[in-house]
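Taking it in order: structure first as structure tokens, then the write-up.
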2 protein chains.
Amino acid sequence: MTGNHPKPISPEEAAETLRAASLRPTRQRIAIAERLLDGRARHVSAEQLRDELVDYGQPMALATIYNCLHQFEEAGLVRPVHHAGDAVLYDTNLCDHHHFVDVETGELIDIDPGEIILPELPDLPDGFEAETIELTVRLRRKS
Amino acid sequence: MTGNHPKPISPEEAAETLRAASLRPTRQRIAIAERLLDGRARHVSAEQLRDELVDYGQPMALATIYNCLHQFEEAGLVRPVHHAGDAVLYDTNLCDHHHFVDVETGELIDIDPGEIILPELPDLPDGFEAETIELTVRLRRKS
DNA sequence: TTACTACTTTAGAATCATTCTAATTTTCTT
DNA sequence: AAGAAAATTAGAATGATTCTAAAGTAGTAA
Ligand SMILES: [Mn+2]
Ligand SMILES: [Mn+2]
Ligand SMILES: [Zn+2]
Ligand SMILES: [Zn+2]
């Protein structure tokens with residue numbers, strides 16, 4: 001793990017976080033924030049999040065979930081990861097970190113940044129700046 | 001549409017490579033091998049490859065291109081890269097190497113493995129072995 | 001509160017990469 | 001050349017995501 005400790009989040013806290021991000025605290029955004037912004041490091045797809053919201057008695061349109069995830073992303077509340085399977089996973093771990101990917105299941109496992117020595121970067125192409133540096137280790141179950 | 005493409009390998013060479021990979025040298029596979037296996041390091045999507053084959057007077061069904069790319073992948077002749085945009089790119093550079101990704105265009109640029117110091121890997125989860133280790137540096141054009 | 005307006009949600013359609021199906025064609029072997 | 005196996009193909013299907021445009025909601029000023 002990465003040292004993130006679960007901190008339960010109330011609807012009021014969720015609303016406050018949303019306001020701080022200049023997002024109107026709608027019922028839908030609050031429900032999503034309550035689930036995703038509790039400090040736990042997770043990787044969820046839009047569909048997984050929908051199932052979870054149904055379980056919690058807050059079903060909503062899939063389009064709304066996509067809308068909210070994009071807004072949360074823009075606000076820096078979640079980060080998309082494109083490496084596993086077909087669906088984008090949204091990462092609630094905002095620290096710099098890397099991933100193991102189970103190639104069979106597509107599941108992501110965080111690599112603690114303390115456990116890895118970041119490599120020296122090569123010279124970047126002219127006119128570009130590095131936005132993110134991501135190490136992905138694809139894992140396969142030993143036979 | 002019509003771009004500058006380098007000189008391909010000969011159909012005979014392509015057919016021989018295919019036989020060595022236990023793939024029947026069909027007209028379609030030969031055409032694809034001629035374009036992709038000329039030793040140049042490239043990153044192509046299925047659709048880009050189709051356009052190129054049309055330019056070369058060897059149009060074929062998109063399904064065939066997908067079939068062939070999968071077979072080439074299984075034979076170790078190309079490697080898929082999933083990091084850029086929505087479409088999978090097939091990499092003809094089989095050496096261990098890493099990638100810059102232009103986040104605007106999705107274009108991949110190889111990072112010479114000599115230019116980078118591979119990090120020490122952390123302990124893998126029990127029962128897994130590392131299949132690939134991939135470093136991706138996302139680049140954004142300086143404003 | 002009311003009214004206004006901008007923002008948000010929503011169902012369903014559309015899009016796009018990719019995969020599947022089932023029929024036809026080609027390759028390889030006798 | 002003939003038969004069996006493998007490959008190609010058009011078009012349909014799939015699945016994640018985005019779009020559309022209509023209906024609902026939230027913030028705000030009167
Ligand atoms: Mn993908
Ligand atoms: Mn993607
Ligand atoms: Zn993560
Ligand atoms: Zn490459």
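Side chains are part of it too, since the values below use all heavy atoms of this structure and drop only hydrogens, waters and symmetry mates. Keep in mind that this is a model prediction, so the values were computed, not measured. Chain identifiers are assigned alphabetically (A, B, ...) following the order of the sequence lines, protein sequences preceding nucleic acid strands; residue numbering begins at 1 within each chain.
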Could you state the atom-to-atom distance from [atom1] of [X] to [atom2] of [N] in whole Å?
| X | N | atom1 | atom2 | answer |
| --- | --- | --- | --- | --- |
| A/Asn67 | C/dC7 | CG | C1' | 12 Å |
| B/Leu69 | C/dA17 | CG | P | 15 Å |
| A/Glu47 | D/dT14 | CD | P | 15 Å |
| B/Asp86 | C/dT18 | CG | P | 8 Å |
| B/Arg50 | D/dT9 | CZ | P | 12 Å |
| A/Ile30 | D/dT25 | CD1 | P | 14 Å |
| A/His82 | D/dT17 | NE2 | P | 9 Å |
| A/Leu49 | D/dA16 | CG | P | 15 Å |

Is a donor on one side and an acceptor on the other found under 3.5 Å between the side chain of B/Thr92 and the backbone of B/Arg42?
-> yes
Give every pair of a protein N or O atom and an N or O atom of nucleotides 3-7 of chain D that lie under 3.5 Å apart, one pair per line with the distance.
unit_1 : atom_1 : unit_2  : atom_2 : d
D/dA6  : O4'    : B/Arg24 : NH1    : 3.3
D/dA7  : OP1    : B/Arg29 : NH1    : 3.0
D/dA7  : OP1    : B/Arg29 : NH2    : 2.9

Return the set of residues passing side-chain contact (heavy atoms from CB on, under 4.5 Å) with B/Ala31 (not counting sequence neighbours), or none when no residue passes.
->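 Checked B/Ala31 against side-chain contact (heavy atoms from CB on, under 4.5 Å); matches are B/Arg35, B/Leu53, B/Gln58, B/Met60.
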By side chain to side chain donor-acceptor pair (under 3.5 Å) - contacts of B/Glu129 (at least two apart) |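 Here no residue qualifies.
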Partners passing side chain to side chain donor-acceptor pair (under 3.5 Å) against B/His98 (at least two apart in sequence or in another chain) |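 Checked B/His98 against side chain to side chain donor-acceptor pair (under 3.5 Å); zero matches.
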Quick one: which residue pairs count as a side-chain hydrogen bond (donor to acceptor under 3.5 Å, both in side chains) with a foot in residues 59-78 of chain A, not counting sequence neighbours?
->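 Counting only pairs at least two positions apart or across chains, the side-chain hydrogen bond (donor to acceptor under 3.5 Å, both in side chains) contacts touching residues 59-78 of chain A are A/Arg29-A/Gln71.
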Inspect the surroundings of CG in B/Asp96 and state if more than 12 heavy atoms from other residues, nucleotides or ligands are less than 6.0 Å away.
-> no
Can you pull every protein N or O that's under 3.5 Å from an N or O on nucleotides 18-21 of chain D?
unit_1 : atom_1 : unit_2  : atom_2 : d
D/dT18 : OP2    : A/His70 : NE2    : 3.1

ring-ring contact (aromatic ring centres under 6.0 Å, His included) partners of residues 15-46 of chain A, not counting sequence neighbours, each pair once =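 ring-ring contact (aromatic ring centres under 6.0 Å, His included) check on residues 15-46 of chain A returns A/His43-A/His99.
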Not counting sequence neighbours, list each pair that qualifies as a ring-ring contact (aromatic ring centres under 6.0 Å, His included) and has a residue in residues 121-143 of chain B.
->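 Those involving residues 121-143 of chain B do not exist here.
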Walking DNA chain C from its 5' end, the first of B/Arg27 and B/Ala87 to be reached, judged by nearest nucleotide, is B/Ala87
Just grab all the salt bridge (charged side-chain N to carboxylate O under 4.0 Å, His left out) pairs involving residues 61-71 of chain B, residues at least two apart or on different chains.
->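 Listed by first then second residue: nothing to list.
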